[in-house]
Amino acid sequence: MITTKIRKLLALGLMGCGCMAGLTGCQENEHIDYTLNDRVYFYETEQAMALVTIVTDMNYSFALKPSALQQDTVRIKVRVMGRTADRNRTFRAMAVADSTTAQTPLHYELMEGVIPAGQYEGYLPVLIKRTADTQDKSVTLYLQMTDSDDFTTGNPDMLNFKLSWADMLLRPAHWPYYFGRYSTSKYRFAIDVLGMTDWEQATRFNNGSEPGLYTAAQLQLFAAQLNEAYQEYRKTHGPIYVDDQAEEKEEIYYAPNS
């Protein structure tokens with residue numbers, strides 16, 4: 001079965017083939033005018049095993065940052081459907097009011113994005129702010145891509161993106177497949193043991209030795225390290241549960257499907 005997210009990727013490939021076919025037709029028949037506008041769409045991805053999927057939402061936690069940090073800029077990846085250009089081009093997004101709980105300028109400021117000259121990808125920057133009310137609840141900004149002077153909107157299935165943030169622990173952008181099901185208690189223990197807050201898996205396209213990028217083998221070693229550390233912790237401090245409020249208590253464990 002092809003999942004919805006994979007369908008999106010396949011749709012992009014087909015659209016790309018269609019564009020190439022259109023370009024070939026232009027070369028073979030001078031009377032055909034290829035006039036499709038360049039378009040943009042959100043293109044955040046993550047990899048689990050060999051499967052690359054589209055990410056449509058992102059969480060950010062100020063609780064993982066120094067207390068002096070009162071604001072930060074989150075960059076959401078965007079891709080061009082069309083051609084490169086010999087100059088920087090700008091694009092825009094807007095907040096969808098009925099799906100957004102964050103207030104501007106109290107919680108955020110939405111800025112203009114840039115596709116650099118000669119590039120197919122760029123980022124939409126969003127300035128988010130640490131406020132007293134986010135210590136008790138998260139706020140959400142639901143974004144929708146809009147037309148600009150340089151671009152129209154692209155793939156209709158990839159024009160929306162949800163960004164949530166709070167001053168408390170939220171699920172990281174990349175929770176490894178090898179760590180099993182996510183829970184706040186598992187996340188907190190992983191931070192304490194590994195000293196890391198996010199674990200992005202390297203891909204065959206992006207497998208360089210960059211900080212914050214980990215191979216599948218490294219992530220499996222992290223999982224084993226966490227399980228060993230938990231057994232030592234438990235001897236002195238007792239168990240840690242996935243959910244303290246659950247009637248049937250389940251201790252934390254780091255493994256696929258656990």
Side-chain angles (χ1 to χ4, degrees), residues 8 37-46 54-81 85 87-117 119-175 182 184 187-188 191 196-200 211-212:
K8 293 176 183 176
N37 294 327
D38 294 333
R39 307 179 180 201
V40 286
Y41 55 93
F42 291 113
Y43 194 69
E44 282 288 340
T45 62
E46 68 178 16
I54 298 299
V55 175
T56 57
D57 60 86
M58 181 185 300
N59 291 328
Y60 178 103
S61 175
F62 277 106
L64 303 173
K65 306 295 182 180
S67 58
L69 183 70
Q70 295 302 304
Q71 60 184 35
D72 201 358
T73 300
V74 175
R75 302 194 309 157
I76 305 169
K77 184 180 288 188
V78 167
R79 175 171 283 190
V80 173
M81 181 187 298
R87 60 180 178 85
N88 290 349
R89 293 177 290 175
T90 59
F91 62 89
R92 301 186 186 94
M94 60 175 286
V96 180
D98 60 1
S99 302
T100 295
T101 59
Q103 302 173 36
T104 185
L106 173 63
H107 295 118
Y108 74 95
E109 294 177 31
L110 185 56
M111 294 174 276
E112 197 170 60
V114 175
I115 302 293
Q119 300 296 313
Y120 284 102
E121 294 182 348
Y123 293 90
L124 176 71
V126 183
L127 180 69
I128 61 174
K129 302 179 182 181
R130 189 178 210 162
T131 53
D133 60 334
T134 58
Q135 293 180 358
D136 302 316
K137 62 179 181 180
S138 63
V139 292
T140 296
L141 172 60
Y142 194 77
L143 294 163
Q144 179 176 308
M145 198 70 72
T146 61
D147 293 346
S148 68
D149 292 339
D150 292 317
F151 296 102
T152 56
T153 54
N155 187 328
D157 291 331
M158 300 168 68
L159 298 181
N160 296 100
F161 196 89
K162 185 175 75 171
L163 174 62
S164 301
W165 65 97
D167 195 4
M168 55 188 186
L169 280 185
L170 297 173
R171 180 183 176 125
H174 306 94
W175 179 255
Y182 171 83
T184 301
Y187 186 26
R188 191 179 302 278
I191 293 171
M196 306 169 187
T197 59
D198 201 4
W199 298 268
E200 181 175 0

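- With sequence neighbours left out, the ring-ring contact (aromatic ring centres under 6.0 Å, His included) criterion links Phe161 to Phe42.
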Which pairs would a plain distance check flag for residues 136-145, meaning a side-chain donor or acceptor within less than 3.5 Å of a matching protein atom at least two apart in sequence or in another chain?
from, atom 1, to, atom 2, distance (Å)
Thr140, OG1, Ser164, OG, 3.0

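- For the pair Tyr187 and Leu169, the minimum side-chain heavy-atom distance is below 4.5 Å.
- Every residue two or more places apart in sequence or in another chain that forms a side chain to side chain donor-acceptor pair (under 3.5 Å) with Asp72 is listed here: Tyr60.
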Side-chain donor-acceptor pairs of residues 121-130 under 3.5 Å, sequence neighbours excluded:
from, atom 1, to, atom 2, distance (Å)
Glu121, OE2, Arg79, NE, 3.0
Glu121, OE2, Arg79, NH2, 2.5
Lys129, NZ, Pro105, O, 2.8
Lys129, NZ, Glu109, OE2, 2.9
Arg130, NE, Asp167, OD1, 3.2
Arg130, NE, Asp167, OD2, 3.2
Arg130, NH1, Pro66, O, 2.8
Arg130, NH1, Leu69, O, 2.9
Arg130, NH2, Phe62, O, 2.7
Arg130, NH2, Asp167, OD1, 3.1

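- For residues 87-101, every residue pair satisfying the salt bridge (charged side-chain N to carboxylate O under 4.0 Å, His left out) rule, not counting sequence neighbours, is listed here: Asp38-Arg89, Arg87-Asp150, Arg92-Glu112.
- Looking at heavy atoms from C-beta onward, Thr153 lies out of side-chain contact with Phe151 at the 4.5 angstrom threshold.
- Of the possible polar contacts, one joining the Asn88 side chain to the Ala117 backbone as a donor-acceptor pair under 3.5 Å is found.
- Under a 3.5 Å cut-off, the side chain of Gln103 and the backbone N or O of Thr100 do not form any donor-acceptor pair.
- At a threshold of 4.5 Å between non-hydrogen side-chain atoms, the residues Leu110 and Thr104 do not count as touching.
- For Asp198, the side chain to side chain donor-acceptor pair (under 3.5 Å) criterion is met by His174, not counting sequence neighbours.
- Taking each heavy atom of Met58 and Arg75 in turn, the nearest pair found is CE-O, 4.5 Å.
- Side-chain contact between Pro156 and Tyr41 is absent, with no heavy atoms from C-beta onward closer than 4.5 Å.
- With a 4.5 Å cut-off on side-chain heavy atoms, Ser61 and Trp165 do not count as touching.
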